[in-house]
Peer 1: 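Structure below; questions to follow.
Protein chains get the first letters and strands the later ones, always in sequence-line order, with residue 1 at the start of each.
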Amino acid sequence: MSEDLIQVRAEKAARLRALGVDPYGGRYDGIEPVAALLPKVPATGPGPEAALAGRIMRMRAHGKTTFLDVADRTGRLQVYARADQLGAAYEVVSLLDLGDIVGAQGVLQKTRTGEPTLFAKAVTILTKALRPPPEKFHGLADPEIRFRQRYVDLTVTEEARRYALARTKVVAGMRRILDAHGFVEVETPVLQPLYGGAAARPFTTHHNTLDMKLYLRIATELYLKRLLVGGLERVYEIGKDFRNEGIDKFHNPEFTMMECYQAYADYTDMMALVEEIVATLAREVTGGTTLERDGKKIDVTPPWPRLPFLQAVRDRTGLDLHAADVPRLREACRTLGIAFEPGMGAGALLDAIWSDRVEPHLIGPVFVTDYPVETTALARRHRKDPALVERFEAFLFGKELGNAFSELNDPADQRARLEEQARLLAAGDAEAHAMDEDFVRALEHGMPPAGGLGMGVDRLTMFLTGAPNIREVILFPLLRPEAGSPPPGAGG
RNA sequence: GCCCCCGUGGCGCAAGGGUAGCGCAGCGGAUUUUUAAUCCGUUGGCUGGGGGUUCGAGUCCCCCCGGGGGUACCA
C-alpha cells in the first residue's frame, strides 16, 4: 500500500534528523535557474561554480557516486555527487528519493559523455517528499489525477507546465497592450444583486448579514459601462465570470474574461484591438502567426475578413432573414429542420439557426458583423440599418473568441430593449436579461459613445497553445468531489 | 441531461468465466561517469463501491460513485 511507501520515506526523514539534517530546510541562497546555468557549462574542462535548486526527477546511484537529475521551472540539469567530494555528507545523498527537493552547489562541467553537469561540492535536502512521484518514463496518463492533483501533474507533465506558463504570457501581454492603449485596469463586483451583460444562467448565493440573494457575475459589462459614465474613458478588467451551464471542452463554469471599453470609439476600433492582441500574443507564445488545431492551420495576421451575419446566414441557407419577425423565423426553422421552443424570441431563434447552419463552417480568423437587433440588448443600432446592431464576434477555428459592440448609450432605447428582455425572462427564457434600473439611470447621466469588447482568456490560451481541452489551460478545473472528500458545507 | 467507453499494487499497463501478472518506483545486495543506468534477490493488490448469475467473476448482469469521449445546453 501507499502507506508503506510513505512510511519508508518518513523513516528516511527521521534518519536525516538523526544526522542533524533538517529534511524540511529553509532559505537556500545563490541559486540560478537551470536555463541560465546551461550556457555556462564549457565544452571542455571545468567551468564556473554555481548553485541550483529543484526537484529530483531521476536518480542513478552507483555505490559511492550518484547522478541526480534536478528540475526547476526552467529545465533539468544533472548533478553528480561523489562520496570522495562530499565526505560524510554523502550519507545525505544516499537518503534522497525521487521527488525530493534539493539544493546543490559545485562546478559546472560536462561529463565524458557530454552531459552538462553540476559536479557537486555540496548537496542539501530542502524538502523530503513523502509520497512517490508517478512513473518516471510514462508520467501521469490518468486525466482525473492530472486535473485533481495538478501539483503532481505540473511536476511530471511537460505540456501542463507549457500551458500554465503560456497562460501567464497571455494575461501579461493583454495587460501590456491595453495599458499601452491608455486603458486603466479596474475591478468590479463579483457578487451582484442583479446579473447582466450576457445571456447566461447565473450561480446564486446568499449573504447572511444582509440576508440577501446575490448572483455571481456572468459578465463585467454593466459595471464597466458605469465607469464610462463616470468619465474613466478607457477601462478594462480581466477576471472570472461564472455561468451555470454545461461543461465541455470549451466551457468551464468559471472562466476568465477580459472586457474593455473605449470612449469615443466604436466596434471597428475593437476589431483592430482584437487583431493586435491575437497577432501579438501568437508571436509571443508560438513565435509566429500561424495557429494549428485539429489538423487545421490558420494565420492570424491582420486584417481579418469581415462577414456580415445575415449574409453568412443567406450564404448557408438561401434565406434572407433581414428584419424577420418571430413568425417568419419560426417558419425558417421549420424549413431548415431546426428545433425551437415556444418561448424563444427572435434573438434566440436567430441564434439557433446561426449555431446550427453557420457557426460550424467558420474556420477563421473572421469577424462576423452586424447582428440583428434582437440578438443583442446592449449594442447600439447600426448607423445604416436600425434592424441591425453594430456588433461583431471574432471566430478562430470556428469557435467564438470575442464579442464586441458599438455600445448603446441612448437611455430610452436601452430601457426599451431591456424591457423586452425582461418580458422574455418572465415568459421563461432563463437567459434573458433582467431590467437594471440603476444601469439605465447611469445612461441617463450620459455615457460617451464607446466601443466595447469581451474576450475569453481561456479560449485564447487554448488557441495559442493548441490545448485540446479548456481543462488543460485552467489549473484547477471544476470536477465532482472525489470519494472520501469532505461533504459540501464542511469547514464552515 | 442523454449515448458510448473506462476504473486492476504509488504510477504505467496485461489477464475478457478457471489460482491476478509485467514494467517503473520501493526494499536488501553489488557498483566512483550514469542518463528510462546495469546485475542478483525481494515486499506490496478483497481488481472504484454494492448487489446478482455461476460449482467458480477484473471478466457476465443490475444499481451507485468517479473519469473520458460524443451529443444537447452554452453570446
Peer 1: Contact class for A:Tyr371 vs. all strands (heavy atom < 4.0 Å): base, sugar-phosphate, or nothing?
Peer 2: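 A:Tyr371: no heavy atom of the nucleic acid under 4.0 Å.
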
Peer 1: For A:Glu393, report the nucleic acid contact type (base, sugar-phosphate, nothing); a contact means any heavy atom under 4.0 Å.
Peer 2: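 Sugar-phosphate contact only - A:Glu393 comes under 4.0 Å of backbone atoms but never of a base.
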
Peer 1: Any donor-acceptor pair under 3.5 Å between the side chain of A:Asp248 and the base of B:C74?
Peer 2: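 Between B:C74 and A:Asp248, which were checked side chain against base, a qualifying N/O pair under 3.5 Å is absent.
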
Peer 1: Check every strand shown and say whether A:Phe255 touches a base, only sugar-phosphate, or nothing at a heavy-atom separation below 4.0 Å.
Peer 2: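 Nothing, no heavy atom under 4.0 Å.
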
Peer 1: Can A:Arg60 and A:Gln78 be counted as having a side-chain donor-acceptor contact under 3.5 angstrom?
Peer 2: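 The criterion, which ignores hydrogens and geometry beyond distance, is satisfied for A:Gln78 and A:Arg60.
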
Peer 1: Looking across every strand, which nucleic acid part, if any, lies under 4.0 Å from A:Ala377 by heavy atom: base, sugar-phosphate, or nothing?
Peer 2: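 It contacts base atoms.
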
Peer 1: Pick the C1' atom in B:A25 and in B:C63, then give their distance to the nearest Å.
Peer 2: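 It works out to 37 Å between them.
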
Peer 1: Looking at A:Lys12 and A:Asp100, is there a salt bridge between them, counting it only when a charged N and a carboxylate O are closer than 4.0 Å?
Peer 2: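 Judged by the 4.0 Å cut-off on N to carboxylate O distance, A:Asp100 and A:Lys12 do not form a salt bridge.
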
Peer 1: If we count only N and O atoms by modelled type, under 3.5 Å, do the side chains of A:Arg357 and A:Thr317 hold a donor and an acceptor together?
Peer 2: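 No, A:Thr317 and A:Arg357 have no side-chain donor paired with an acceptor closer than 3.5 Å.
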
Peer 1: Using the closest heavy atom to pick a nucleotide of RNA chain B for each, name whichever of A:Asp356 or A:Asp351 lands nearer the 5' end.
Peer 2: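 That would be A:Asp356.
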
Peer 1: How is A:Glu115 classified with respect to the nucleic acid when contacts are heavy atoms under 4.0 Å: base, sugar-phosphate, or nothing?
Peer 2: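 Counting heavy atoms under 4.0 Å across all strands, the contact made by A:Glu115 includes a base.
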
Peer 1: Using a heavy-atom cut-off of under 4.0 Å over every strand shown, decide if A:Ala83 touches base, sugar-phosphate, or nothing.
Peer 2: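 A:Ala83: no heavy atom of the nucleic acid under 4.0 Å.
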
Peer 1: Respond yes when some side-chain nitrogen or oxygen of A:Arg148 is under 4.0 Å from OP1 or OP2 of B:G67, and no when none is.
Peer 2: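 So the side chain of A:Arg148 is within the cut-off, an N or O lying under 4.0 Å from OP1 or OP2 of B:G67.
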
Peer 1: Just the rounded figure in Å: distance from P of B:C74 to CD1 of A:Ile218.
Peer 2: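 The distance from CD1 of A:Ile218 to P of B:C74 comes to 13 Å, rounded to the nearest Å.
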
Peer 1: Would the base of B:U32 count as contacting A:Arg82 through its side chain, where contact means a donor and an acceptor less than 3.5 Å apart?
Peer 2: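 Yes.
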
Peer 1: Is B:G41 syn or anti, taking syn as a glycosidic angle within 90° of 0?
Peer 2: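 Anti, angle beyond 90° from zero.
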
Peer 1: Strictly by salt bridge (charged side-chain N to carboxylate O under 4.0 Å, His left out), give each pair with a member in residues 134-144 of chain A just once, sequence neighbours left out.
Peer 2: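 Salt bridge (charged side-chain N to carboxylate O under 4.0 Å, His left out) check on residues 134-144 of chain A returns A:Glu144-A:Arg148.
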
Peer 1: Test for a donor-acceptor pair under 3.5 Å between the base of B:U34 and the side chain of A:Thr113, counting only N and O atoms.
Peer 2: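 Indeed there is one.
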
Peer 1: Look at all strands and tell whether A:Thr375 reaches a base, only sugar-phosphate, or nothing, counting heavy atoms closer than 4.0 Å.
Peer 2: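 Counting heavy atoms under 4.0 Å across all strands, the contact made by A:Thr375 includes a base.
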
Peer 1: In Watson-Crick or G-U wobble terms, both distances under 3.5 Å, what is the partner of B:C2?
Peer 2: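 Answer to the pairing question: B:G70, which forms a Watson-Crick or G-U pair with B:C2.
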
Peer 1: Please state the P separation for the pair B:G70 and B:G28 - nearest whole angstrom.
Peer 2: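 Taking atom P in both B:G70 and B:G28, they lie 47 Å apart.
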
Peer 1: Relative to the ring of A:Phe242, is the ring of A:Phe203 parallel (under 30°), tilted (30 to 60°) or perpendicular (over 60°)?
Peer 2: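 Rings of A:Phe203 and A:Phe242: perpendicular, as their planes differ by over 60°.
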
Peer 1: Under 4.0 Å, heavy atoms only, any strand: does A:Arg9 hit a base, just the sugar-phosphate, or nothing?
Peer 2: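 No contact at all - A:Arg9 keeps every heavy atom at 4.0 Å or more from the nucleic acid.
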
Peer 1: Any base atoms under 4.0 Å from A:Lys110, or only sugar-phosphate, or nothing? Heavy atoms, all strands.
Peer 2: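 Here A:Lys110 touches no strand at all.
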
Peer 1: Have a look at A:Arg480 and say if it touches a base, only the backbone sugar-phosphate, or nothing, with a 4.0 Å heavy-atom cut-off.
Peer 2: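 Counting heavy atoms under 4.0 Å across all strands, the contact made by A:Arg480 is with sugar-phosphate only.
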
Peer 1: Looking at residues at least two apart in the chain, or sitting in another chain, which of them share a side chain to side chain contact (heavy atoms under 4.5 Å, CB included) with A:Ala199?
Peer 2: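 Here the qualifying residues are A:Glu431.
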
Peer 1: Across the strands shown, which category fits A:Phe405 at heavy-atom distances under 4.0 angstrom: base, sugar-phosphate, nothing?
Peer 2: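 Counting heavy atoms under 4.0 Å across all strands, the contact made by A:Phe405 includes a base.
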
Peer 1: Would you confirm whether the ring centroid of A:Phe405 sits within less than 6.0 angstrom of the ring centroid of A:Tyr267?
Peer 2: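 Centroid separation for A:Tyr267 and A:Phe405: 6.0 Å or greater.
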
Peer 1: Any idea which of B:U34, B:G10, B:C11 is nearest the A:Glu135 side chain?
Peer 2: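 That would be B:C11.
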
Peer 1: The side chain of A:His62 is closest to which nucleotide in this list: B:C11, B:A37, B:G66?
Peer 2: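 Nearest nucleotide to the side chain: B:A37.
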
Peer 1: Just checking, any donor-acceptor pair under 3.5 angstrom between side chains of A:Thr220 and A:Glu259?
Peer 2: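 Yes - a donor-acceptor pair under 3.5 Å links their side chains.
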
Peer 1: I'd like a list of close polar pairs between nucleotides 13-15 of chain B and the protein, N/O only, cut-off under 3.5 Å.
Peer 2:
none

Peer 1: Check whether any side-chain heavy atom of A:Asn252 sits under 4.5 Å from a side-chain heavy atom of A:Leu478, and report yes or no.
Peer 2: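 Yes, at least one pair of side-chain atoms sits under 4.5 Å.
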
Peer 1: Is A:Lys136 near enough to B:G12 that one of its side-chain N or O atoms lies under 4.0 angstrom from OP1 or OP2?
Peer 2: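 It does not, given that no N or O in the side chain of A:Lys136 lies less than 4.0 Å from OP1 or OP2 of B:G12.
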
Peer 1: What form does the base of B:G58 take, syn (within 90° of 0) or anti?
Peer 2: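 Syn, angle within 90° of zero.
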
Peer 1: Is there, by distance only and without an angle test, a donor paired with an acceptor across the side chain of A:Thr111 and the base of B:U34 below 3.5 Å?
Peer 2: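 In this structure, the two groups form a donor-acceptor pair.
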
Peer 1: Scan A:Asn252 against the nucleic acid and name what it touches under 4.0 Å (heavy atoms): base, sugar-phosphate only, or nothing.
Peer 2: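 No contact.
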
Peer 1: Looking across every strand, which nucleic acid part, if any, lies under 4.0 Å from A:Gly454 by heavy atom: base, sugar-phosphate, or nothing?
Peer 2: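 Nothing, no heavy atom under 4.0 Å.
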
Peer 1: Would you say a side-chain N or O of A:Arg60 is under 4.0 Å from OP1 or OP2 of B:A37?
Peer 2: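 So the side chain of A:Arg60 is within the cut-off, an N or O lying under 4.0 Å from OP1 or OP2 of B:A37.
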
Peer 1: With a 3.5 Å distance limit and no angle check, can you tell me whether A:Arg162 reaches the backbone of A:Thr465 through a side-chain donor-acceptor pair?
Peer 2: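 Side chain of A:Arg162 to backbone of A:Thr465: a pair is present.
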
Peer 1: Identify whether any heavy atom of A:Thr376 sits under 4.0 Å from a base atom; if not, whether one sits that close to sugar-phosphate; answer base, sugar-phosphate or nothing.
Peer 2: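 Result for A:Thr376 = base.
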
Peer 1: Considering only side-chain heavy atoms of A:Phe137, which listed nucleotide, B:U34, B:A36, B:G69, is closest?
Peer 2: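 For A:Phe137, the side-chain atoms sit closest to B:A36.
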
